[in-house]
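Here's the structure we're looking at; comments come further down.
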Amino acid sequence: MAAYSAVAVFRHTLEQLLGSEQFPPHVSKSQITFLHENVCSLQSSLEKIPLVPKSKGEKMKDLQTRIREAIYAAQDEVDYWVRGHSPHEMTMKKLEVDIQLVEKDAADMEQETRDAQDVLAEDPVLVSDSFKISGRDKIVGHEEDFKTVIDCVQSEVDALVDLIGRNLIAISEKSSNGGIKVCRMQNSLRQLAEIESGKEKFFHCRKKYNQILEEGMKKQRRVSVHINLLMSLEEVYEATKTITSARTLLYLGPHHHHPLPYCLTFDLLKVLDAFTVYFVEFPDEFFQLVHLTYLSLTYNDELPPEISLLQKLQVLMVRRKPKLIFIGVSFLPDEIWEMPELRHLWFTEIDFPALPQNIPQNKALLLNLQTLSYINAASCTRDVLRRMPSLKKLSVWAEAPGVIGLYLDELEQLEAFKFTVLHPSPNKQVEFEPEISFPQTLRKLSLSGCGLRWDAMEVVAALPNLEVLKLRELAFNGEEWCLENHCVFEKLKFMLIEYLNFKRWSADHTHFPGLERLYLRHCYELEEIPSDIGFIGTLGLIELVDCSPQAVESAEVIKQEQEVDGGRQGFQVRIYCSYE
């Protein structure tokens, strides 16, 4: 329910403001506290509303609209206060009254809905016709209706599967656990979604030069520019700029290689996705977006120190295009350490700035940081990682094999780790200091170019929670991978082996008791896939891409063995060869 989401988000905003050390001095804290109490009370009232019958559908829809308008108005005022404007007493009073009114209406709706349920309880035949069960009408958070929520989610999943089956939605990327990661709509369905989102005032999509802003669109909170080349046109820029209430701005479409002459921003913006837009200079306008929580862009120069003015920023994604890697050069300012709200950092390969001087020993600086991607391993010293205790995903790189300091024992919550050598050598290997080890919490591990000896695989097999293992481009080096009896990958579900030079592989079904999918790509020297692998009860797929003829033949044998007596249901062997 959009209204409930708006209330929950606004409540979180107020709580952050009340707990901030930079509370606006011109704003009365007691006023904000009172407003927070009203919002909490409204949220509590909403959580008490059970399923809404069809007869109350229009009234509920009207209530949701009025709740959103009241909360959005309050959010706008608070945002302006944070920017330095003083609150007006009459405005504050009106906000409180509006919220109290919709709270009263929510309480009335709860009572009316429960009365309707009591009537229907006397005639169960009417129940299925009287209640419309969907994610829109269900207010999440009511414990008694948990089963109904699950049914709603399942129905939406079934609907998604149905759309995929009818080719209206295409799966463009799957996750390592086999689930759907990214879907893409067919054009006809996308156009319908855009039309409906416009009618509901949920999203304004700018796709044409002569597109006219309809009535009410200037108060739209979500805006997307589908072909960012449009923003090169002054008329489009000026028209879109009038949507002053926007909180989300998305630049969609292909990457634009040339800088745009106009930098479109909105004062109250929280999400700015400009990943497909190339900036020659970092826009000064960005520094005014004090409410920004998400920022992505394409930018080839060093980020300015003023980025730290965005104290609410949680997600920062910066890529360089064309991809250029400068060894020993950090494109991040030292001030990045002064942004405690950061949760996810993603970059084209760079160095991380050194720790600032004169800071207390062992003090966590980036306490909330969960993702740190494509950072030079040399930057990840023990002292640096110690300041990121909440890190769950870490991706690091090294230029070439050599001695690498790896201090993952400092990360007690690490779940995913990726290590890549940019220029691997078949005659050299990475030497980890201290000796190679991984946190027991690790669920996903990806290694590339390390040139490790196969006996180091015992360390990997010992990880009790490992579910995904990806080995690429000489991650391990040697002609034979022989698994000892005690090397058991207890929870491993997904394994990818790509561009490895091993010839012999000795293993059986006991080494991978839970394996579901096995991918072998460009293993040109592999002589055979162990035949016993086919008898792993959970295995659903073996896929080979451009592997040796001997490996392909052994895969065919495994397939034939599993087809005996009618075959194992759901088991597949897929083979792709460019040399045939």
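Position 1 is the first residue of the sequence; numbering continues from there.
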ask   = Is a side-chain N or O of Asn465 found less than 3.5 angstrom from the main chain of Gln440, in a donor-acceptor match?
value = yes
ask   = So, Tyr519 versus Arg521: side-chain donor-acceptor pair below 3.5 Å or not?
value = no
query = Do the rings of Phe282 and Tyr299 sit parallel, tilted or perpendicular, given the 30° and 60° boundaries?
reply = perpendicular
request  = Please name the pair of heavy atoms, one in Cys487 and one in Glu458, separated by the smallest distance, quoted to 0.1 Å.
outcome  = SG-CG, 3.4 Å
inquiry  = If you define the side chain from C-beta out and look only at heavy atoms, does anything of Met495 sit under 4.5 Å from Phe489?
reply    = no
query = Charged N to carboxylate O below 4.0 Å: is that the case for Glu341 and Lys312?
reply = no
query = Minimum heavy-atom separation for Pro424 to Gly449, with atom names?
reply = CB-CA, 3.6 Å
ask   = Going by heavy atoms in the side chains, are Ser308 and Met339 under 4.5 Å from each other?
value = yes
inquiry  = For Phe476 and Trp454, take the angle between the two ring planes, folded into 0 to 90°, and tell me which bin it lands in: parallel under 30, tilted 30 to 60, perpendicular over 60.
reply    = parallel
Minimal non-hydrogen separation, Leu474 against Asn477, with atom names = CD2-OD1, 4.2 Å
key: Heavy-atom side-chain proximity of Val384 to Trp337 below 4.5 angstrom   = yes
key: Phe432-Phe419 aromatic ring centre distance below 6.0 Å   = yes
inquiry  = Please give me the minimum heavy-atom distance between Glu410 and Leu385, naming the atom from each residue.
reply    = CB-CB, 4.2 Å
message = For the OH atom of Tyr374 and the CD1 atom of Ile350, what is their distance to the nearest 0.5 Å?
response = 13.0 Å
inquiry  = Could you measure the distance from the CD atom of Glu349 to the CG atom of Asn376? Nearest 0.5 Å is fine.
reply    = 10.0 Å
key: Ser390 vs Leu369 side-chain heavy atoms within contact, under 4.5 Å   = no
task = Before giving the answer on side-chain contact (heavy atoms from CB on, under 4.5 Å), spell out for Thr293 and Val315 the whole-Å C-alpha distance, their side-chain angles and the decisive distance to 0.1 Å.
result = CA-CA 6 Å; Thr293 61; Val315 179; over 6 Å; no
task = Using modelled atom types only, decide if a donor and an acceptor are shared between the side chain of Thr441 and the backbone of Leu414 within a distance under 3.5 Å.
result = yes
Nearest-0.5 Å distance, CD1 of residue Ile375 to OG of residue Ser395 = 8.5 Å
note = Ile436 and Val459 have their tightest heavy-atom pair at O-CG1, 3.9 Å
task = State, with a plain yes or no, whether a side-chain heavy atom of Arg11 is found less than 4.5 Å away from one of Cys40.
result = yes
request  = Give a yes-or-no answer on whether the side chains of Arg319 and Thr298 include a donor-acceptor pair shorter than 3.5 Å.
outcome  = yes
note = So CG of Leu366 and CG of Leu342: to nearest 0.5 Å the spacing works out to 6.5 Å
query = Taking side chain as C-beta onward, heavy atoms only, is Val277 less than 4.5 Å from Leu297?
reply = no
ask   = Yes or no on side-chain contact (heavy atoms from CB on, under 4.5 Å) for Leu316 and Leu303, after CA distance, side-chain angles and deciding distance?
value = CA-CA 11 Å; Leu316 177 60; Leu303 290 181; 4.1 Å; yes
task = Of all the heavy-atom pairs spanning Gln429 and Gly451, show the shortest one and how long it is.
result = CB-O, 2.9 Å
inquiry  = I'd like to know whether Val396 forms a side-chain contact (heavy atoms from CB on, under 4.5 Å) with Ile404, so could you lay out the CA-CA distance, the side-chain angles of the two residues, the decisive distance to 0.1 Å, and finally the verdict.
reply    = CA-CA 11 Å; Val396 301; Ile404 303 294; over 6 Å; no
Trp346 (side chain) donor-acceptor with Ser296 (main chain) under 3.5 angstrom = no
query = Heavy atoms, side chains only, cut-off 4.5 Å: are Leu345 and Leu332 in contact?
reply = no
query = Under 6.0 Å from the CD atom of Glu412, do we count more than 12 heavy atoms belonging to anything else shown?
reply = no
ask   = Is it the case that more than 12 heavy atoms not belonging to Arg453 sit under 6.0 Å from its CZ atom?
value = no
ask   = Any donor-acceptor pair under 3.5 Å linking the side chain of Glu490 with the backbone of Leu466?
value = no
message = Run the side-chain contact (heavy atoms from CB on, under 4.5 Å) test on His423 and Glu399 for me, step by step, so that the C-alpha distance in whole Å, both residues' side-chain angles and the decisive distance to 0.1 Å come before the verdict.
response = CA-CA 6 Å; His423 304 113; Glu399 181 184 10; 3.8 Å; yes
key: Spacing of CG belonging to Leu471 relative to CG belonging to Leu496, to within rounding of 0.5 Å   = 7.5 Å
message = Measuring from atom CZ of Phe352 to atom OG1 of Thr381, what distance do you get when rounded to the nearest 0.5 angstrom?
response = 10.5 Å
key: The single option from His344, Met388, Arg343, Gln314 passing side-chain contact (heavy atoms from CB on, under 4.5 Å) against Asn368   = Arg343
query = Considering only heavy atoms from C-beta outward, does the side chain of Thr33 approach that of His36 to under 4.5 Å?
reply = no
